[in-house]
Amino acid sequence: MVDPKPPTTGPSLGPTQIYLILYNSLCTLGWAYVLTLAIPSFARSTSASLSAGLGLGPSLRAAAETLYAATPFTAGFSDEGQPSLAHVLVIVQCAAMLEIVHAAMGLVRSPLFVTTMQVGSRIVALHMVVNSVEAQSQWGAALMIFSWALVEVPRYLFYLTAIVTGDATKKTPFPLFWLRYSLFAVLYPTGISGELSVFFAASKDDAFLSLLGENYKSIMYCYAMAFPVIYAPGALPMIFNMVSNRKSAFKKRFAKPPPPARGLVWPVTEVKNGEEIRSSTPIAKEILAAAVGAVDAALGEKVKAEKKWRFGYTKHLVSMVECSCKSPEDALKLANAGLDKAYDTFQFVGADGKTVSFKEIMASPAKEKFYTGFVKGETAPSKDKNLEVGYKGKSISGQELKSQVQKWIEYGTIEPSAGDAIIACVDNPNWIDLSDRYFVLLGAGSAMGPFEVLMSLGANVIAIDLDRPFIWQRLIARAKNSSGSITFPMTKDQASCKDDSEIFAASGCNLFTETPKIRDWLVDLYPNKPFTVGSYAYLNGALHVQVSLAMDAICRDLCDKRKGTSLAYLCTPTDLHLIPKEAHDAAEKNYKEFSKRLYCMLVKLLLGKRALRRNDKKPFHGVGGEFYYVNGISVAQGPNYALAKRMQHWRAVIARSKGCIVSSNIAPSTSTVSVTQNRTFAWAYEGMPYFKPYEIFAPETSNSVMSAILFNDLNNPKSVANPSMDIANPNQLFSYGAFHGGTWRCAYEIDSIGEASVLLYFSRVAAPYLVAFGGLGLAFCVKYFGFA
């Protein structure tokens, strides 16, 4: 277990922080000097023009055209001409290139690619305005300078106070916080407009075009005009990203203090200003290090030594999977070591405030018991038992469904084993009769869970979900409108409830705070009835690890204490999986095709190594032969998400090794509300189908097909889910039944096609608007500024 760091009373100011304080202070002063010259110079010039009889419009334009030449003299401060606005502007904007270095070295958390693009575009605009008199002496230069300075003064000052106070969210002065996350709404569009005007003006300046010599004018012209082309698709995503950042920052600023720790919690890692800090990073590293270290001590130490965990965890997961492939024994040893470490490390805080390890609390029965609620469906069972799948607005079944499955297989969207499982369900309608099947759904209300499908097929569902009345109102209403049944934990006797509203209020439980109590209730429920336990609960960030561990404890104990228990998981395509050689070969073939496409070559040129990375990897070697794999990890989802899913993998292979049927299949990327409310993901989903064989599925399709594969696993003795089927390595459990949506067979890793997919979306949706606005802008420039 990680020992908590010594208590601290304020922000730690090491060499890095001191350097950043100095850097941000100087940048603040530099941009403030630019504003100090720009504002009075602009005002004095406008006033002089008005006094000379010019109108307001011409006066403002004249002041803007001379702003770049502002000095202390034009500002009315002294007779000196230096340091001029232009001189300081060059220094302070070039200093911003250090921000790329900061991001690359990990001194700040800014993404390197975004920082490079933003700073780089400004440096190009600066280069043009410095070397083009035409660009300097037009209104757009002033618009650009004002926009830059008005954004940068509060931005650098915000960073400075964030370092000094140790908290960028809550301890920075609110006026400064508001300016940091609000000014972009006006100043980003004006800044981009000013920069575009500089590019256009420079492209018409013969002196600028001749910088490399008379023979290279065409090159300089292309250089000047390339950036307006880049800005067209890039401006809107950048602005929308700031809108998202603003929303997130304000939400954190005004978030209520977290309640006292209770139930299953991360252990305390340090005490800061009297407050207990429960950081997930050191604990996650300890768990993964314990797992890998069980089979390779040196690799375990590398995990512990990783300093850039947020963006460096992926390579350690790859090493972990490689270690698992050495032998079946190593795979199981690694899985057991990881879960054992998690149980030993995580803590459980009781209602009385007493803290024990999660392992200890789960070793004893709970002191209290749940009552049992039960509702039987009021609809007669359907005589026609057929698998139906909702797809593109209609319900398909029978031969139509089989034909569609074959199309998915041929295109590469799903693996043949997944198609075989669905077709087997169609051919065995008796598998669809769930009247004597009992499904425990941990997270019954999950968007990706099978609750709706199970209810429609008359299953007996044992629902575990939060004690929120609105959840149970929906679940119970759906159960009544079915031929199945729903059983659920209650805090009072159902017979004592006067009406449905009381039942809703008394139903549900909390996986974090009542884990042993839920386990005990399930162990005693419906004796001699085999349970299929599905882990479907999902939460964001570190909470996902907690809920996964809580579900794991329940799954583990039910497997041990109830004969015939089977487990069900939905794996994410954004993970590391062993895959069939055929999938690897398809990815290799697609790469050969797509790498020759002009769009892919341009994206690779513009975005560099991080974009469009090859999906076909060299295999791992171990007992049983070669093991091909896919690296579908999305770094943006974070190490906690990866750890939570890895814990489910560990339990799956351990349970199967002990004789349990384990259905653990890869589900496709699905347009659930929780995903598409993130605009970036929604945009990427729209563009991803360009990369064969991707298809993004609606929730009703994903729920139906994944349920069909589950039914196959539970009934088909030839399914890999059945422990009697031999596989070379336990982790090959995840190689079969994959309805991955194209992730395994795509030319490129899923984490490397995001930006390209977003650009495709905007190029398709925004094309008519860009053409229209481009035409208007060109006409405006020709009429008023002589750009021809």
Side-chain angles (χ1 to χ4, degrees), residues 370-388 425 428-446 448-465 471-490 494-495 500 503-504 506-509 511 518-537 551 554-555 557-559 561-570 660-663 703-704 706-715 721:
F370 282 117
Y371 291 92
T372 299
F374 178 81
V375 173
K376 178 65 179 173
E378 300 169 356
T379 302
S382 174
K383 295 180 180 180
D384 186 17
K385 296 288 185 180
N386 289 312
L387 176 66
E388 295 184 353
C425 249
N428 292 273
N430 57 304
W431 292 357
I432 309 300
D433 183 0
L434 305 180
S435 57
D436 197 39
R437 287 277 188 177
Y438 288 78
F439 294 87
V440 178
L441 304 187
L442 303 176
S446 169
M448 283 296 290
F451 179 77
E452 288 288 338
V453 175
L454 296 177
M455 285 289 96
S456 67
L457 296 174
N460 301 289
V461 171
I462 301 163
I464 302 296
D465 215 314
I471 294 177
W472 295 99
Q473 182 177 6
R474 178 175 68 85
L475 296 179
I476 292 173
R478 180 64 184 91
K480 286 183 177 180
N481 189 30
S482 76
S483 59
S485 70
I486 184 170
T487 306
F488 46 95
M490 297 186 67
Q494 184 177 1
D500 284 351
I503 294 177
F504 303 150
S507 300
C509 54
L511 281 165
I518 297 168
R519 184 268 320 272
D520 293 349
W521 179 73
L522 289 171
V523 167
D524 297 335
L525 190 66
Y526 299 131
N528 303 319
K529 293 291 185 182
F531 283 175
T532 296
V533 187
S535 298
Y536 301 111
M551 293 189 294
I554 294 169
C555 291
D557 290 354
L558 289 179
C559 286
K561 298 179 181 182
R562 289 189 67 112
K563 185 179 180 180
T565 296
S566 53
L567 301 182
Y569 297 97
L570 284 181
C660 290
I661 291 176
V662 179
S663 176
N703 289 338
S704 297
M706 297 313 297
S707 296
I709 299 173
L710 169 62
F711 301 153
N712 173 76
D713 288 343
L714 296 177
N715 291 279

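The shown structure was predicted, so the numbers you read here are calculated from the model rather than taken from an experiment. Only heavy atoms go into these numbers, but all of them, side chains included; no hydrogens, no water, no symmetry mates.
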Check whether any side-chain heavy atom of Phe711 lies under 4.5 Å from a side-chain heavy atom of Ile432, and answer yes or no. yes
With the side chain counted from C-beta on, respond yes when Phe370 and Ser507 share a heavy-atom pair under 4.5 Å apart, and no when they do not. no
Does Ser446 reach the main-chain N or O of Tyr536 with its side chain, forming a donor-acceptor pair under 3.5 Å? yes
Side chains of Ile486 and Phe374 in contact at under 4.5 Å (non-hydrogen atoms): no
Ser435 side, atom OG; Asn460 side, atom CG - distance, nearest 0.5 Å: 7.5 Å
Set of residues satisfying side chain to side chain contact (heavy atoms under 4.5 Å, CB included) with respect to Thr565, sequence neighbours excluded: Val533, Leu558, Cys559, Arg562, Leu567
By ring-ring contact (aromatic ring centres under 6.0 Å, His included) - contacts of Phe451 (at least two apart): none
Listed pairs under 3.5 Å, donor-acceptor, residues 521-528 side chains, sequence neighbours left out:
unit_1: Trp521; atom_1: NE1; unit_2: Thr372; atom_2: OG1; d: 2.8
unit_1: Tyr526; atom_1: OH; unit_2: Thr487; atom_2: OG1; d: 2.7

Mind checking side-chain hydrogen bond (donor to acceptor under 3.5 Å, both in side chains) for Asn481 and listing every partner two or more places apart, or none if nothing turns up? none
Return the set of residues passing salt bridge (Lys or Arg N to Asp or Glu O under 4.0 Å) with Lys376 (not counting sequence neighbours), or none when no residue passes. none
Indicate yes or no for a side-chain donor-acceptor contact from Glu378 to the backbone of Ser482 under 3.5 Å, with no hydrogens or angles considered. no
Between Val375 and Gln494, does a side chain to side chain contact (heavy atoms under 4.5 Å, CB included) hold up when you go through it step by step? CA-CA 10 Å; Val375 173; Gln494 184 177 1; 4.2 Å; yes
Contacts of type side-chain hydrogen bond (donor to acceptor under 3.5 Å, both in side chains), residue Ser382, not counting sequence neighbours: none
Which residues share a salt bridge (Lys or Arg N to Asp or Glu O under 4.0 Å) with Asp520, sequence neighbours left out: none
Least distance between heavy atoms, Trp472 atom then Gly508 atom: NE1-CA, 3.3 Å
With sequence neighbours excluded, residues passing side-chain hydrogen bond (donor to acceptor under 3.5 Å, both in side chains) with Asn715: Arg437
Under the side chain to side chain contact (heavy atoms under 4.5 Å, CB included) criterion, do Ile554 and Met551 qualify, and how do the steps go? CA-CA 5 Å; Ile554 294 169; Met551 293 189 294; 5.8 Å; no
Asn386 meets the side chain to side chain contact (heavy atoms under 4.5 Å, CB included) criterion, sequence neighbours left out, with Asp384
Would you give the length of the straight line joining atom CG of Leu457 to atom CG of Asp433, rounded to the nearest 0.5 angstrom? 9.0 Å
Apply side chain to side chain contact (heavy atoms under 4.5 Å, CB included) to the pair Val461 and Tyr438, showing each step before the final yes or no. CA-CA 6 Å; Val461 171; Tyr438 288 78; over 6 Å; no
Distance col, row Cys425:SG vs Leu387:CG, nearest 0.5 angstrom, shows 5.5 Å
Residues in side chain to side chain contact (heavy atoms under 4.5 Å, CB included) contact with Ala444, at least two apart in sequence or another chain: Leu441, Ala463, Asp465, Leu475
Nearest 0.5 Å, what's the SG-CD1 distance between Cys509 and Ile518? 3.5 Å
Does the side chain of Asn712 come within less than 4.5 Å of Trp431's, by heavy atoms? yes
Who pairs with Ser663 by side-chain hydrogen bond (donor to acceptor under 3.5 Å, both in side chains), at least two apart in sequence or on another chain? Asn665, Asp713
Passes side chain to side chain contact (heavy atoms under 4.5 Å, CB included), Ser707 versus Leu454? Steps please. CA-CA 8 Å; Ser707 296; Leu454 296 177; 5.7 Å; no
Residues 472-487 vs salt bridge (charged side-chain N to carboxylate O under 4.0 Å, His left out), sequence neighbours excluded, gives Glu452-Arg478, Lys480-Asp500
